[in-house]
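As the structure lists them, so they are numbered: ligands from 1, and atoms in each ligand from 1.
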Amino acid sequence: MRATLVSLFEQNGVSSALIGIAEKVVAAERLSVPEGLLLYQEGSLPFLSVLASVVRRRINGDQVFYNKNIHLEPTNICVNHCAFCSYRRRKGEEGCWELSIEELANLAAEHALTGITEVHIVGGVHPDRDLHFYVDLLKEVGRTAPGVQIKAFTAVEIDAMCKFASMGVREGLSRLKEAGLVSMPGGGAEIFDEEIRRKICPDKANTQEWLEIHRTAHELGIPTNSTMLYGLIEKYEHRVDHMNRLRMLQDETGGFNAFIPLKFKHYNNRFSHVRETTTAEDLKNYAVSRVFLDNIPHLKAYWPMIGKMVAQLSLAYGVDDLDGTIDDTTKIYSMAGSEEQSPVATTGQLEAMITGAGYQPVERDTLYNILSK
Ligand code: V47
Ligand code: SF4
């Protein structure tokens, strides 16, 4: 494969620096931070698609994963003030909501009848809800929707709920695990660079806290996801630095299941003046992450954020996971202006997106066990 690929790139005028990177990718060697940066700066889309496909085939063959899931968003009341957020409201403000444990558990029970395998719980940092509230919530969801796996709470929520209960993170995570938490989503990572983070989300868990909470979760046997919010005010350097910090933690723990790039959506927030990234930029970002993050097994395109069409295109840029059926249960991205205002996908639609792009659909559970092919 090496000789064929290299001569193909040479014939097409690819620079020797990029050909050097391609040779490393084909040989399964790790890319350095400057090499990651060069891919962003100079890699053309066709070149990146080829490299990302080499990596995705090595790790995942021609499989593309999806699951049957819903989201539960307990509240959008939040003590933080992230400048990119279109979702948060103050207590009492028009458009705020706070669902009780009973209401949330009833929603889970209703959807469990439709055959979902996962409930993804994520929301704002409510000032009056601490770890004990969320332990009770997990137990109640587990009781009303038995057999459904619970992936819940970003590191930002975990940090706050433990502080509100005057409890250490290790103790808090252990109690959540005992109550039924099987995995954690990757939100709240945003951009790790401290200066950018101060500008976009000054008051929530900082970079060190985010990484430490995921490290602790992994040590306790709770796998997690990871994310990167891109397309705001960061530069390519910051994206590569972000992924490098994730790659280093993954070397230590092996606890990340997936990486999910989150495209900044600009409707109705304090960064509305920032133009959203183009589809070409989104595809480039998927491909560079697939090639750079050589130790995180799955790359997810979250279709409620980018739309089904771009999600299908992303499969040619290293993506091997399309998340789930959702059933119109999340508002984070519709409130930020996604064209998916009521996100619903049937398993038939997800499978058609995957086969239509030439890949094999695989239904997975939260922990990436294969349920059906
Ligand atoms: O942390 C908020 C992001 C995240 C905006 O782990 C925004 O499987 C873009 O993490 N534009 C929460 N992004 C969602 C999240 C997630 C989603 C799907 C799957 C998984 C998973 C995790 O949403 C926040 C923040 O980074 N976000 N507002 C916005 N205007
Ligand atoms: Fe709160 Fe999350 Fe919005 Fe930040 S992104 S303000 S933590 S709901």
Side-chain angles (χ1 to χ4, degrees), residues 65-67 69-71 73-91 93 96-98 118-127 149-161 182-192 197 200-206 210 214 217 222-232 234 242 256-272 274 276-277 282 296 298-306 311 321-324 326 329-338 340 343 364 366-368:
F65 298 88
Y66 70 90
N67 71 350
N69 67 350
I70 58 155
H71 285 220
E73 296 179 351
T75 183
N76 65 343
I77 295 171
C78 187
V79 297
N80 296 325
H81 307 82
C82 304
F84 53 79
C85 182
S86 318
Y87 172 82
R88 127 182 234 271
R89 295 289 182 274
R90 285 187 310 277
K91 212 171 171 171
E93 189 180 347
C96 78
W97 71 81
E98 44 189 334
E118 175 185 278
V119 174
H120 173 142
I121 310 178
V122 73
V125 175
H126 191 293
Q149 293 174 316
I150 306 176
K151 178 178 78 178
F153 314 131
T154 65
V156 169
E157 293 168 272
I158 305 266
D159 174 65
M161 70 175 80
V182 309
S183 172
M184 270 170 59
E190 322 312 0
I191 279 284
F192 290 146
R197 199 173 179 86
I200 65 173
C201 53
D203 33 29
K204 67 189 187 188
N206 64 27
W210 191 97
H214 282 260
I222 306 168
T224 69
N225 289 339
S226 55
T227 58
M228 173 174 76
L229 176 66
Y230 71 96
L232 256 171
E234 86 290 345
H242 184 95
F256 287 121
N257 275 334
F259 177 66
I260 309 141
L262 295 171
K263 172 194 175 92
F264 169 62
K265 301 292 293 179
H266 72 176
Y267 178 71
N268 203 21
N269 57 50
R270 279 190 282 139
F271 276 113
S272 287
V274 173
E276 290 182 6
T277 48
D282 300 332
I296 298 187
H298 302 288
L299 177 64
K300 183 189 285 192
Y302 186 54
W303 65 264
M305 171 188 67
I306 51 169
D321 186 2
L322 291 182
D323 201 79
I326 308 287
T329 50
T330 177
K331 292 204 168 60
I332 298 180
Y333 284 100
S334 47
M335 288 171 80
S338 167
E340 299 282 354
R364 62 164 176 87
T366 300
L367 301 173
Y368 289 84

Original post:
Aromatic ring centroids of Phe259 and His298 under 6.0 Å?
Top reply: no
Give me the pairs of N or O atoms, one from ligand 1 and one from the protein, that sit under 3.5 Å apart.
from     : atom 1 : to     : atom 2 : distance (Å)
ligand 1 : 1 (O)  : Gly188 : N      : 2.7
ligand 1 : 1 (O)  : Glu190 : OE2    : 3.0
ligand 1 : 6 (O)  : Gly186 : N      : 2.9
ligand 1 : 6 (O)  : Asn225 : ND2    : 3.1
ligand 1 : 8 (O)  : Lys151 : NZ     : 2.8
ligand 1 : 8 (O)  : Asn225 : ND2    : 3.1
ligand 1 : 8 (O)  : Lys300 : NZ     : 2.7
ligand 1 : 10 (O) : Gly187 : N      : 3.2
ligand 1 : 11 (N) : Lys265 : N      : 2.9
ligand 1 : 13 (N) : Tyr333 : OH     : 2.9
ligand 1 : 23 (O) : Tyr333 : OH     : 3.2
ligand 1 : 26 (O) : Glu190 : OE1    : 2.4
ligand 1 : 26 (O) : Glu190 : OE2    : 3.3
ligand 1 : 30 (N) : Phe84  : O      : 2.9
ligand 1 : 30 (N) : Lys265 : O      : 2.9

Original post:
Is it the case that Ser338 and Lys265 place a side-chain donor and acceptor less than 3.5 Å from each other?
Top reply: no
**OP:** Could you check atom 2 (Fe) of ligand 2 against the protein and tell me its nearest heavy-atom contact, residue, atom and distance included?
**Re:** Lys204 NZ, 4.4 Å
Original post:
Going by chain and residue number, what protein N/O/S atoms come nearer than 2.8 Å to atom 3 (Fe) of ligand 2?
Top reply: Cys85 SG
**OP:** Verify whether one side chain among Glu98 and Thr75 offers a donor that lies under 3.5 Å from an acceptor in the other.
**Re:** no
Original post:
ring pair (Phe, Tyr, Trp, His ring centres under 6.0 Å) with His214: which residues, sequence neighbours excluded?
Top reply: Trp210, Phe256
Original post:
When you look at Val182 and Ile222, which way does the side-chain contact (heavy atoms from CB on, under 4.5 Å) test go after all the steps?
Top reply: CA-CA 6 Å; Val182 309; Ile222 306 168; over 6 Å; no
Original post:
How about His242 and Phe192: are their ring centres within less than 6.0 Å of each other?
Top reply: yes
Original post:
So do the side chains of Asn269 and Phe264 get within less than 4.5 Å of each other, counting heavy atoms only?
Top reply: yes
Subject >> Partner set under ring pair (Phe, Tyr, Trp, His ring centres under 6.0 Å) for Tyr87, not counting sequence neighbours >> reply: Trp97
**OP:** Indicate whether the side chain of Ser334 and that of Glu340 have a donor and an acceptor atom separated by less than 3.5 Å.
**Re:** no
**OP:** Take Ser226 and Ile296 through the side-chain contact (heavy atoms from CB on, under 4.5 Å) test and state the conclusion after the steps.
**Re:** CA-CA 9 Å; Ser226 55; Ile296 298 187; 4.0 Å; yes
